[in-house]
Structures are given as C-alpha cells and as structure tokens.
Amino acid sequence: MKKFIIMLLFSALLLFLIPMHTQAATNQTKIILDGQELVLPNSVEVVNVRNNIMIPIRVVAENLEFNVNWDQKTQNVHIQQGSNAISLTVGKEEALVENNTVMLNIAPQMIKNTVVVPLRFVSEEMGLSVGWNNKDKIVTLSSNTSLPSEPSNGSEIEATTNIVHDINYANNQLIVSLDHEVTPVITTLQNPERIVVDFPSTNLGNMGQALSGGTMGRLDTSGSPNITDIRYSLFKNDPAQVRIVIELNNVSSVNYEQQTIAGNFILDLSMVNDPTPATPVSSGKKIVVIDPGHGGSDPGTISFTKKPEKIFALALGLKVQALLQKESGIEVIMTRETDIYPTRSERVKLANDLKADVFVSIHGNSVTAAPQITGTETYYYQRESSKELANLIHKRLIKAMGLADRGVKNGNYQVIRETEMAAALLEVGFLSNKSDEEAMMSETNQIKAAQAIVDGIKEYLKLEDSE
Ligand SMILES: [Zn+2]
C-alpha cells in the first residue's frame, strides 16, 4: 500500500483537492483552538452535514497540526498525534481507533474533490474537547494540555473537560446528559428568583438542537407556570464552564432535588411547580428513553465479522434519537450517546425516575453455535402496555429489515422487567448470521429500522405526524 506523506506531498495533492469554485464569501464557520481563531485558507470550506461539522483534511494537517496520511487508492485517511491514531475511510462509517472499530455519526466524504472528515470525532479522538455555537457558527476546540510544570506540592488540579451532549426539560425535570459524572455548583439568586447550575470544566457539545440567541439556548417550559425560563450557555472559556439558569416566577420558596444517574444530571423541580396542586400541568410532551444495549467495557455479542454488538446498538440508537428529536411532542432521553457502560440498574432507574412513557432497548441477537439462525425478535415483559408497544414496533421492524419474523415474545430481561412504563427490547437480527449482520450494519437499513421504531413509538403514543 503506497502512502503519500501529507507533510511532504500535501501541497501537490492540494492542487487536485482545492474546489475550483468556492464561494467568494469567506467561511462563515470559525474554529477557535485554545482561544485562538484558526485562520483558514480562503479556499477551505467548513461544511455542516446533518449537524456534523465536516472539515477538509487539509485543516486537520495544517491548522490542527496533526500528522495526516492520505491514501488515494484506498481512500483512507490516517491521522496521528502522539499516541493517538485514527483511521478513516471515505464513505465508511466505521473507523479504527487504536485498532478498535468504532462507528461514526457520519462517514468522511468527498465534497467538491475535497476529503472532509467529522471535526468532532477527529478532535475528540486526538484529545481535544469540542464545543459548537450554532448561532455564530463557532467551533471551540480546547486542548487542555497544561504546561509541563515542576512537581508542585501535590495540589495539582486535574482538568478533564466534560461535554454536555443534551439538555432537556420534561415532567418538571431538567436532564443534562454528560460525558462523565460531574457535580455542578448550584446557587440560588433573587429578584427574580433563579436557580443557577454551573458545570465546572464542562463544554457544550453539538447538541443537535440549534442554539438560539447568541451563545445561549432556551428550553421549552410552557407546561410549567412557575418556571419563566430555562436558558443555558457556555458561560466561560478556558476553563470551559456551562451555566444553566432556571428563572422562577411567583414562588414562595425555591426547592429542588438533584441526582446523577448514568452520566445524566437530573434536577427535579416538581416542588417548584407544585404550589397549585389543584391544576396538574404537564408540558404534554411524552418522554421516550432509548437504550442502546451494552457499551464501554461490555461489548455485547460478537458478530459474524467480529464486530461488537455495542457498536450496532449505538449506531441504530443514535439514528432513532435524531428522528425523535424532530418530534415536537416527544422528549427523547438516551441511556448512552457514546461508548460508555451504564449498568442495567442505572438504565432502569433513569427511565423510572423520569417517569418516562416509553422505553426501547436496542440489541442484536446471537447463536454462535447455529449461525444459520436468522430473523427479528421483539420482547416485552408481562405488562399489556409493553406488549402493545412491542407489537407496534415489531411489525414495522419486520418490514424495514426484511428479515424472518420470529415473533413478539414475553422475555424476562431486567431493563424491560424493572422499568415501570411501556418497555420493549428489540433483537433486530442475528449478528451471528452473515446476511443478518450485513443487513444490520447497512446504513440504509439502519435508517429504515430507526424510522420503523419511531413510527411504532408514535403510534403507541397516539401522536400525529408533526411535520
Ligand atoms: Zn444485547
């Protein structure tokens, strides 16, 4: 395999890669690395594809100063920085990180003869943390590399930057999904009454929901008469700090309860909203918890081509999440959005504490000893509501996947047994079967399956199409 060393041949290669008719206007998107704006060459376009910021590999090499090798023949991009190494291929959602296969949100693409790669993935794998301000189109990267210092008196502070993936408000609860557990600093202020929640060493991720009003985002609190406003922002840079402000209206005392489950920080504000118990209010939004099975240290089963189930479960789960986020009547909460392992009890507790309406766990089946076994199975546990949900999703999943119908079954699995709402566990197909695996790993099928799951959930919740 012949590799071109970008550092040497990059300029030559660029002659072919530079799009000939880029817009005369300069780039709208700014990239700020450690407080310094990167000066991108005029010809370089940063593009946003389905909420993923894609940057040309030229920016990766020249501006971020990572070592980049591009192999034209195999369309492979190898990026290295210190001990971090990733390998990406144009058109493939699978990437290699230190020889482990991981699934990308979006495959590298060839756009106008330029290879573009997902900025978030590349940056995070190279040890940078990433923030995105949608309004002003600003990407914030921070390296967090503290200056090498003399051994001090042992009072060094670990500065790992956490990422907020999602901020939701439903059923009187503020739910903040984070990369790692972090204890926020909560203060209350008066005139007007406010609860201020500060997450130290934390940055805003690309949350799929556009920030409005400068660097600030707002949540819909229309169902909560005692909450005037919930807004969030990247309050400080360097070190990053995310601030959420809950503005209250007409309350005699400010009460709340906090807890953290599976990386989700939950602030229960029901006491704030209860002074008028005679008129129970709800935002009218249904809470749907999507649970991509396994993750982190738990790979799940290993497929015919030796890929872990956790990758499939997350790839499909994130597609379901993206579709559900477009539904105005649904608040979607994920048990995981990255390759981490929340315990089954944590997943159950999250859904139960949120008083979710629907819980869907995503898995792939396996019988290694009988690789000929194929088909889709859907499980519920006893409850009628769960059985109905399972049936509604299953019949669509059969059509979407085109695999054998192995039926809807009662199954004694913890996540559907101990959850208290309509809960279904999907075994989308058999990863131990060659053609099932192919079907399950296909991007097209995953999109169809995600739509099938969403349509089943919507029918169960009796929600009309919102678009
Ligand atoms: Zn599983």
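Whatever order the structure lists them in is the order used to number ligands and atoms, beginning at 1. When a residue number appears, it is its place in the shown sequence, counting from 1. Every value quoted in this text rests on a predicted model; they were computed, and no experiment measured them.
Within 6.0 Å of CZ in R344 there are 12 or fewer heavy atoms belonging to other residues, nucleotides or ligands.
Between N445 and M401 the shortest side-chain heavy-atom distance falls below 4.5 Å.
The name of the N, O or S atom in H363 nearest to the Zn ion (ligand 1) is ND1.
Look at E427 and the Zn ion (ligand 1): no N/O/S atom of the residue is under 2.8 Å from the metal.
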Full working for side chain to side chain contact (heavy atoms under 4.5 Å, CB included) between E337 and S177 = CA-CA 9 Å; E337 289 175 82; S177 307; 3.6 Å; yes

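With the Zn ion (ligand 1) at the apex, E309 OE2 and H294 NE2 define an angle of roughly 100° (rounded to 10 degrees).
Ion pairing between a basic and an acidic side chain is recognised when a charged N comes within 4.0 Å of a carboxylate O; K319 and E443 show such pairing.
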